[in-house]
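This one's a predicted model, so the numbers in the text were calculated from it and none came from an experiment.
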Amino acid sequence: MTRFLRNDLAEEVLGDLDERFYATVKEKSAVRAKLNYWYETINYLRPFALRKSRHTYLNNYEMIETYFKIGWRAMLRQKMYSFIKIGGFALGIAACLLISLFIADELQYDRHYTDANRIYRLVGASNQNGEIHKSIHFPAPMAAALKEDYPEVEMTGRYNNSELFGAGNKEVRPGTQTDNSYDQGFTYFDQELIDILQLPFVYGNPQRALSAPRSMVITKRKADKYFPNENPIGKTLIVDNDETNPYVISGVIEDFKSTSHFQFDFLITTSGLEFWKDEQKDWGASNYPIYLKLTDGVDPIAFQKKATKGILDKYVLPMLIKDGMSMESAQEALANAYLELQPLTAVHLYSTGIQDGLAHGDIKLVWLFGGISIFILLIAAINFINLSTAKSANRAKEVGLRKVVGSNRGSLVTQFLTESILFSLFSFVLGVCLAWLLLTYFNDLSGKQLSLPWNTWWMFPVLTVTAIVIGVLAGLYPSFYLSSFKPIQVLKGQLAKGSKGASLRSSLVIFQFTTSIVLIVGTVIIYQQMNYVLNKKIGFDKEQVLLIEGAGTLNNQVTSFKNELKNLPQVKTISVSDYLPITGTKRNGNSFWHEGKVQTEKAVIAQKWKVDGDYIKTMGMKVMEGRDFNDAMLTDSASAIVNQAMVREMGGEDLIGKRISNGGETFTVIGVVQDFHFESMRNRIEPMCLVLGNSPSIISVKTSSSDMASLIESVSTIWKKFAPHQPVRFAFLDERYAAMYADVQRMGKIFTTFAILAIVVACLGLFALSAFMIEQRSKEIGIRLVLGASLPNVFRLLVSNFMVLVVVSIVLATPIAWYLMKKWLEDFTYRTEISWQVFALAGVIAMAIALFTISYQSIKAALANPVNSLKSE
Amino acid sequence: MIETKLGEFEEVILLLVGILGEGAYAFRIAEEFKSQTGRTISIGATHSTLDRLETKGFLKSAMGASTAERGGRRKRIFAITALGKRVLKESRDFKVSLWEQYPAFAKFSPSPI
């Protein structure tokens, strides 16, 4: 009651309450009396009885001005510490700023399309033995079927960017020129898909752009490249030197934004196009990603169930039965399949595990980066807190005096908060400058084109507000700590200097170092995995193989070209095939059965690669059983060489000499090749088989020399004889292979950067702290020196304190790092082992760095003249 | 004519103060109220009203004796001021005149002051 009651009323009110209490006790019971007392007390919460809050803020404005002044002077007085506080903070802020830009960019993918919340990508999933396989390729007629059968679907549209169908990268030139350029981003596209996405057009009519056969829509940047300064509508483009079938440009769209997962440049119409007879009606082949726009208010989850049942029963089941399957096996095959609708805005970040051939971000990375940046900011804030409390002894007298003169706790807290806001503002300014300077490096690191949004109206206010908020948060603990000094103790000089809060400071240092060590371990392991992946036995020899791409234009001259190349002295073997064991080359999926067992057995899904007789030799693969292809044997045109995985999938018994069928064709197995990795090591090796066939776009040249430059020159000369109007394109198999793991490389670089950053900030803190601790003990050190301690003695003494902290950090960090890395490596079916040496290495690095940081101060202290510290007592 | 009007509760409290005379402090007044009307009121409510009446000038107060029951704390005794008396009289006159005009109560005559 005394808390809220006015002081002058206190006496009479309390007296009255007491009287009532005793009266009630007499009349009723003690319990009732107590209850009644409470009741009466609460009843006194009336306006007239409440204490008026102290109006201490009347002269606030002037006070704040003085706070700033004093804060500024305090900062100048301790330049080194101030610099470290501000510098560390600025680093943390710069990191946070850059990462927020990154995260904002990632989260914005595909949101700019009209009605984006009603647009979905169709995903087909099947549950095979607990593993869920997802794919986005569907039969050609499915899109139209979905639209017709279901009123919930407003529109559907497809594209097809598969290289097998002629999309992807091609030679192209305007109809009026003869020289080809090699360009990328070709895809087949439905007019309906343009409607769904509402692509903005620069020239041409959006509604009819792709309705005519052989029409093509190109992006503005390609229009500028091939038809500078003119309207290209109606002009022709000749693709792959096919002069009899030019494409007519019917529209120019704005370039696809960088924040969209659609990144095409040439949209070829699907109108009037079929890739084989009745291909557009064929439910047996799945090659088209489908996008749907649902009508307003439709629940996607309910719809996907409905559509699954509808489509499978109405179209897929009959197709399977027509193909020869029995009703039961068809139903069994479809039992675990279902359709899912993936929101358009989720495609960029949530598509891991879906093989769609597009580059995606990963929501996990977004979380990871966000987490790391927060940690770094935390470390910087901890520095700030530590240093503020450590130097508090210097401000103690000031605090004591202020309290004596009449300041209350609130004002003191305000004062120190103001100082911390001042620091924070400085750090923010510095941090923003740093971020701006580091932007190019960060763009390189993250693979994006980010820029600071100077022009938005909200940037400066948001930054200022954040600076103030963070200043307040980081300054809360030191402010309360500093304002709690009792004036008597302080002015008497009894305050044990710097001893307060030592344990908190130590635990904060441990936190900093633990984070740093986790980052170091992460970096080392990522590099280890990188090395493993690049050097593991992959089942083929990727060294010294030159790839000549775009050889498809040679058409039937391929064989003569190949023979001429063979004459070059450096060339060992040559193979012509588009199917290579690196991502980005052709792939397919076919079903195989033992001959005659189509009805009775489950199909084995395997790749069918068309190669030539020299393929295995050129790739350096090993034939384990049976034999290689032999160009002389005519029967080999119906032969197949399978890999070990395929043998396993097909039952494990000896396949040599047996026949397998796929679609309409049957092959005799003549050999088994050793398993080789043809996808990233994230995936296990799938079954595949090699057959002789013509897929002539890539020529692989195995060379014995390491002089690539002269080889390239010789090949170019020969090439010009065969295809004078086309630039020849080279690549190296080992480089391409390394590029498959570009994302791992990038992770490695990122982790290194962050690890360095975290350590720098932590060391700054350690440096300042150690300086402070040593300063505290300068008298003690002086006495020790006088009494005969030698440099090593003193050094060891000073350093041991901190080394204990680092050791504790190592112990804490090890299990955390181990767990995190284990989870990351699980993504890879083939991975390195985590060995204890990594942790030992990280620990040693951490200790070395800590030692180095502390040494400077320690040595300086140990070499000091004891007279200086002892003479003032 | 005095502008301020007395609410019913205020009037009762004011009268009780007059009735109790010397022993008019918050607790006593609350008890008296209970014995007169049968309704219990909290001390806070009466104190609040007393304070308000004092601000309006109808009451004056002074600190009184302390007793053991109150833990040695003194009590605040309230007394009616001349202004308070006048206000009470005006209120009563006004009400009585109204009642006399009301046909059902016309038999009652005002009691001498």
Interface residues of residues 31-39 of chain B facing chain A - non-hydrogen atoms under 4.5 Å apart:
B:E31, B:K34
Choice from A:N36, A:D16, A:D18 maximising heavy atom contacts with chain B below 4.5 Å
A:D16
For the CZ atom on B:F9, are there more than 12 heavy atoms of other groups (residues, nucleotides or ligands in this structure) within a distance under 6.0 Å?
yes
Other residues, nucleotides and ligands only: do more than 12 of their heavy atoms fall within 6.0 Å of CZ on A:F423?
yes
Distance, nearest 0.5 Å, that separates OG of B:S48 from OH of A:Y44:
9.0 Å
Rounded distance [0.5 Å steps], CD in A:E12 versus CD1 in B:I43
11.5 Å
Please name the pair of heavy atoms, one in A:R20 and one in B:S42, separated by the smallest distance, quoted to 0.1 Å.
NH1-CA, 4.3 Å
Looking only at heavy atoms, which two atoms of B:G44 and A:E40 are closest? And how far apart?
N-OE1, 4.1 Å
A:E19 side-chain N/O to B:F27 backbone N/O, donor-acceptor pair under 3.5 Å:
no
Counting only heavy atoms closer than 4.5 Å, note whether A:F21 contacts chain B via side chain, backbone, both or neither.
neither
Under 4.5 Å from any heavy atom of chain A, what part of B:I41 do you find: side chain, backbone, both or neither?
backbone
